[in-house]
Amino acid sequence: MVSTPPTSTAEEKRAALRARLSGVAARDETAERYRRHANPYIARMLDGLGIDVHYVRGEGTRLYDGAGNEYLDFAGAYGALPFGHNPPQMWKAIRAVQESGEPSITLPSVLGASALLAERLASVAPGHLDQVWQCNSGAEAVEAALKLARAATGRRLVVSTRNSFHGKTLGALSATGRPRYQTPFGAPSAGFHHIPFGDPRALEQIFDEHPDDIAAFIVEPVQGEGGIVPAPPGYLATARELCTRYGAKLIVDEVQTGLGRTGRMFACEHHGVVPDIMPLAKALGGGMVPIGAVVFGQDSLTEDFGLRHTSTFGGNAFCSRVGVGAVDLLTADDQALVRQVARRGEYLLAGLREIAARHPELVADVRGQGLLLGVQFSDDPDLHARQGLFRSLADQEGLAGFLCGYLLRNEGIRLAPAYFANSVLRVEPPLNVTEADCDTLLGALDRGLDVIERGDSARFFAHLLLASERPAPREDDGQVSGVTRAERLRPRDGEPRWAFIAHPTDLASYESYDSRLQLPGEQVRVLFDRMNQCRNVDTAAAMLVGRCRVETDTGESSYGEIFALPYGAQRLLDMPSAKSAALVQEAVDDAVARGAQLVGLGAYTSVITANATALRDVPVPVTTGNAYTVAAAVDGLEEAARQQDIELGEACCVVLGGAGAIGLASSLLLAEKVGRLVLVGNPANRARSERRLAAALESVVGHLMQADDVPQAGSLARAVLRRTASGASAQDITAELVEQGLLTTSVDAEAVLPVGDLVLAATSTPDQLIQPELVKRDAAVCDVSQPPNVGPQLKAARPDLRVVAGGLVRMPGGRDLGIDFGVPSGVTYACTAETMIIAHRLHDPVVSHGDKLSVDLVRMLRDEARKLGYRLYLPTETDQEWQGGLTS
């Protein structure tokens, strides 16, 4: 059905659309007004997905924006467009109201138009349903249905299903089976119980447990927002039998499925079931007016409901006349339009299944009834291995939403994901959609999936960038090229499972995240920011960017999942601390929910959680990665000193960030070997820094005084040991060392860097503090900061220096993780390696936590790492192309 190549005319239209759309060019006045005064949250989501189009005209299945671009509407306002946009028959009904002068709102009185609509609905309703109450929306119809059932039975308990959607007023929301949407509003109210959808045994059990309490069971014949999931055969019949047996009311919610959507006038007719109460809306308004109704039998009507549940606007003449016109159009010629829906639905379903067969790794299922269809995408990130953003979106159920943006901006096709199931693409066109329209949709969807399958993220996300920022089209554009698939990793039985939380640290790491974007880091950051605007509340704060299995030299293995927050270092620092910590907490909680037995924090995720102390109620160990980072930093600096022929025992060592967790622990170890130590703090808060630095000096002296064996003691350690032997106090020793210049502090890095034979950078600032003109000649520099404190210009300007990346280590056997961290192949960050190392000690986990790092822990992890096969990263000639700024 979709194998025929598109005509040149169709291709020309798509090309013209792509040329005319301006991506994220300045918002028009209407969009900005909407953002400021209507709903900023929805505005940001629409902008993030690239579907923030302002339509100025609609006709049938077509919409048009202010620039004249044409869009084929397969979203259909969630079923509220039975006859498309501006159907002439509905305008005829509206004009008739105007011409007759009929008053619209005349309560209290007999409502003639309302009575006529009620008669029309009763004539087409199944079975004995001959009573109609009118309102303004589907949610109000559900509210009325619940009240009808409770009044008729004298009971209060309402049973509904999980993942159901019944509306957003308090009663309807209480029946809705999605806690995330209920909790902020105090729902569900008392008297509601949710069971699995489509499970007859669960339904029988709840009736057995509450035989005299249940007022109603409310159910959708097709769960719409829950992912376009039809009720299985026999399920509604079982519900009917149980409700009858126990004296409860069966409410079949036909707000979305009713009035022709599924190829029958009402979806319950597919099951041969007549409900007691049936809410309607959406299609009843003919795509023009808001209206709802409840159809029910006289056995559900009570005086309490009839006299005490009324509506000022419900049953108004204007909407009722349109409703009559809609019902007349649906029933004309023996329901010819409804019968056409059945045929068109079969055609479209067959076409979608053909597409699914061509893209089996992308499309997990196609399902639905009539013209309410769903295309479910796989959420297995392994199916999108080595594809950057596609992999993350698959894991977060985001592919459907962003595919909607791509199809809208590149193909002129309007679709929407399901509300509660973001991995499901909802296909819900007007009922009078043509076969040619269906072919257009099928061809566009097939091409969109080709783009994803090729991993062509540059093309897929281009519409989210300014036209001037978009990458040039790839030479293979439009051709399917092989995409390397990684092994579909799964944890083995008994294998340690860990997770690591990180984030882009600088523009280079943004760029490395998805090389196929062909974008510089700054533009990738802009793209990330836009995409993060539309993060669904049900998805995790962090993106799953990779899975890996680590094989050690001892023959052990562990299984890990890597997550990345979509924010750079500076963005995290600029956030309110509570917000940034909450993002990490959410990411950690999600990792644990996925099975992690240990979670590691990377880069600023440690900083913003106060070295994991701000995290709450985490049932597994959390490690900051700081201890093994210290071990790698000290080893790296010592190796750099050896290569520079620097004698450690007399060398002056400057530690940037000397009062921080990593800087202080590194200083304790370095103090054993160097001649002089300068601890540098943050000048932004001088008073606080000076207090912390003073405490750090005491810690250094205390450590050296308690050291039992310092075989390579430098001048500093020897001085402390001599004074300790003479009985001097720590306070006196500290004062003497400061006076002698062997142990000093500063908050001015520029002033002390020129005296450092050794420089260790371990700060939490994203600035490049170590400028070429500041460093002493022939010095050794080790940078463990992320983002680096050393810039790439240092290598070019100062070839006399030896600069090493103390925060990097080689994996056991140099094995590549298959995850692009922006580091050379076979190399990882020391903080990540710490998580991998501790994974083999889950029987007795010892983690980095808090501001104080145990030197014993550092040494233990160093020994464990060496045993498992981790080694200090020392660049070779083949690594020189790496632009991390830390090689020389």
Side-chain angles (χ1 to χ4, degrees), residues 14-15 17-25 27 44-53 362 377 381 383-417 422-423 425 444-445 447-478 480-481 483 504 507 509-536 539 543-545 564-568 820:
R14 292 197 301 273
L17 175 66
R18 290 193 293 267
R20 294 167 67 183
L21 289 173
S22 57
V24 295
R27 291 187 180 94
R44 284 200 295 268
M45 182 194 71
L46 297 176
D47 177 64
L49 291 173
I51 59 176
D52 54 334
V53 175
L362 286 178
F377 293 105
L383 300 181
H384 309 276
R386 304 184 187 277
Q387 293 187 26
L389 288 175
F390 290 130
R391 183 186 185 104
S392 300
L393 289 177
D395 177 67
Q396 291 198 333
E397 298 187 350
L399 270 180
F402 282 95
L403 180 58
C404 290
Y406 173 83
L407 292 174
L408 184 73
R409 298 290 187 169
N410 292 274
E411 298 276 2
I413 302 292
R414 188 167 183 256
L415 288 163
N422 293 315
S423 63
L425 192 67
L445 179 59
R447 290 188 293 273
L449 295 179
D450 278 343
V451 172
I452 297 175
E453 201 161 69
R454 291 198 306 269
D456 193 350
S457 49
R459 180 178 178 84
F460 190 79
F461 296 105
H463 64 278
L464 296 178
L465 297 167
L466 287 167
S468 60
E469 296 174 337
R470 296 173 191 166
R474 298 176 60 88
E475 290 184 3
D476 64 348
D477 193 19
V480 177
S481 57
V483 177
L507 295 182
S509 60
Y510 271 107
E511 186 172 344
S512 68
Y513 180 70
D514 191 334
S515 60
R516 291 183 65 92
L517 284 170
Q518 307 174 72
L519 294 173
E522 178 62 41
Q523 291 179 27
V524 178
R525 180 168 64 183
V526 171
L527 181 60
F528 268 45
D529 288 347
R530 289 202 66 198
M531 294 175 65
N532 197 53
Q533 291 176 177
C534 53
R535 188 174 70 86
N536 186 277
T539 61
M543 300 182 290
L544 178 65
V545 298
L565 296 174
Y567 299 99
D820 191 352

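All heavy atoms count here, side chains included; hydrogens, waters and symmetry mates do not. Just so you know, residue 1 is the first one in the sequence shown, and it goes up from there.
For the pair Asn422 and Ala400, the tightest heavy-atom approach, listed with the atom from each and the gap, is O-CB, 3.2 Å. Nearest heavy atom pair, residue Pro417 against residue Gly401, reads CG-CA, 4.2 Å.
Partners of Leu449 by side chain to side chain contact (heavy atoms under 4.5 Å, CB included), not counting sequence neighbours, listed by chain and number: Ile355, His359, Leu362, Val363, Phe377, Leu403, Leu445, Ile452.
Note that CG of Asn410 and CZ of Arg459 are 6.0 Å apart. Values are rounded to the nearest 0.5 Å. Expressed to the nearest 0.5 Å, how far CZ of Arg447 lies from CG of Leu407 amounts to 9.0 Å.
In this pair, Phe460 and Tyr406 present their aromatic rings parallel. The plane angle is below 30°, not in the 30 to 60° band.
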